[in-house]
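Read through the structure below, which is laid out as structure tokens, and then see the notes.
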Amino acid sequence: MFEWDDARYFLAVHRTGSLTAAGRQLGVNQSTVSRRMRSLEESLGTRLFVQTQDGYFLSPAGERLLPRAARMEDEALALEREATGQEAQLSGPVRVTGADAFSPRVLTPLLVEFQRRMPGIDVELIADIRTLSLTKREADLAVRTMRPKEPSLVIRRICGLASAVYASKAYGKKVDPGDLASHPFVSTEDATWVESLWLARTAPGARVVFKSNSTEAHLAATKKGIGLGILPCYVADPDPDLVRIVAPGKVVSRDLWLVVHRDLQHTARIRACADFLFESLAARAAAFEGTSG
């Protein structure tokens, strides 16, 4: 009979495509992954992967077993969440995730204050442009700008999150807000992003001269006067080197959501952190919505 824990190694190799990357994901070395995979294949009496120059790919047997291994993982994580959800002490770790500029600018000072108030709780902040999975315990709490659709998640709307068009003070003197298409822009590389869609609709002839998936890069490029930037109001409004060209109500507005898995919502330390973040962020709604003056 195979070791249940070996299913984690099987899934990690499938998801990463290599023993080395799987080891990094699991926190072990490559030789351990290789040994556990050999053990699993021997116990099952079949090859699970085909190795090529491009990495490891599932064999026919591996493809058949993949859904069962994924269900084993889901059940193991559900067991962990249920056990963790029964904890009542204000101690232990809390993992929070948020987007790139939002995490260092907003979440970091708030979580530092939270940890000072709750010294028994250890806080981990994962700043990532990817949407981490709360179901797979990649994080305990998330602050997101897109409403999740998973039924297993509990969500709370915090407030709006608006963006506007900005320019450096020097460049802003040359801009006619009614003729945006004649100016270069700083924007995201993702054509499906709401800022890109707004720009394509509002100034279809505008040239995007600088692209990045980083809000901080957008900010730096706009301040250098390379062109107009579509920036979150909470980032750009406090910056003395920038001026608004187009008000937030005419550009892009999202919602800001606080998200937690339903199995963890009553865990004392996670609930305490969620409530603190919700109240602290809601108190800054005017800055996020671009109406603070």
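These numbers come from a predicted model, not from an experiment. Starting from 1, each residue takes its place in the sequence as its number. Quick note: numbers below take in every heavy atom, side chains included, and nothing from hydrogens, waters or symmetry partners.
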Value rounded to 0.5 Å, distance of CZ in R271 from CG in D140: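 With rounding to 0.5 Å, CZ (R271) is 14.5 Å from CG (D140).
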Interatomic spacing from CD1 in I226 to OH in Y171 - rounded to 0.5 Å: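 So the gap between those two atoms works out to 10.0 Å.
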Check: L48 main-chain N/O paired with E41 side-chain donor or acceptor under 3.5 Å: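 At least one qualifying donor-acceptor pair exists.
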Main-chain N/O of S187 paired with H218 side-chain donor or acceptor, under 3.5 Å: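 Such a contact is found between H218 side chain and S187 backbone.
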Chi angles and distances behind the side-chain contact (heavy atoms from CB on, under 4.5 Å) call for W257, I158: CA-CA 6 Å; W257 303 92; I158 302 169; 6.0 Å; no
Test item: L228 and T222 side chains (from C-beta on) under 4.5 Å apart, heavy atoms: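 Side chain of L228 against side chain of T222, heavy atoms only: no contact under 4.5 Å found.
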Pairwise side-chain contact, V235 with R105, heavy-atom cut-off 4.5 Å (strictly under): yes
If we count only N and O atoms by modelled type, under 3.5 Å, do the side chains of [X] and [Y] hold a donor and an acceptor together?
X	Y	value
D237	Y166	yes
T20	Q30	yes
D54	T52	no
N29	S31	yes

Step-by-step side-chain contact (heavy atoms from CB on, under 4.5 Å) determination, Y56 to T16: CA-CA 9 Å; Y56 284 75; T16 62; over 6 Å; no
With R284 via side-chain contact (heavy atoms from CB on, under 4.5 Å) - residues at least two apart: V106, F288
Salt-bridge contact [X]-[Y] (side-chain N to carboxylate O under 4.0 Å):
X	Y	result
D275	R156	yes
K169	D241	no
E63	R47	no

Sequence neighbours excluded - side chain to side chain donor-acceptor pair (under 3.5 Å) pairs with any residue from residues 115-127: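 For residues 115-127, and leaving out neighbouring residues, the side chain to side chain donor-acceptor pair (under 3.5 Å) pairs sorted by first residue read E113-R117.
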Pairs meeting criterion side chain to side chain donor-acceptor pair (under 3.5 Å) with involvement of residues 199-208, two or more places apart: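 Applying side chain to side chain donor-acceptor pair (under 3.5 Å) to every pair that reaches into residues 199-208, excluding sequence neighbours, yields W198-T202.
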Same apolar cluster (I L V M F W Y, side chains within < 4.5 Å links), Y234/V243: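 No; tracing contacts between hydrophobic side chains, which count when under 4.5 Å, never links both residues.
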From CA spacing to verdict: side-chain contact (heavy atoms from CB on, under 4.5 Å), R269, S91: CA-CA 6 Å; R269 66 180 187 275; S91 63; over 6 Å; no
Heavy-atom closest pair, residues S214 and S212: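 What the structure gives for the nearest pair is N-OG, 3.0 Å.
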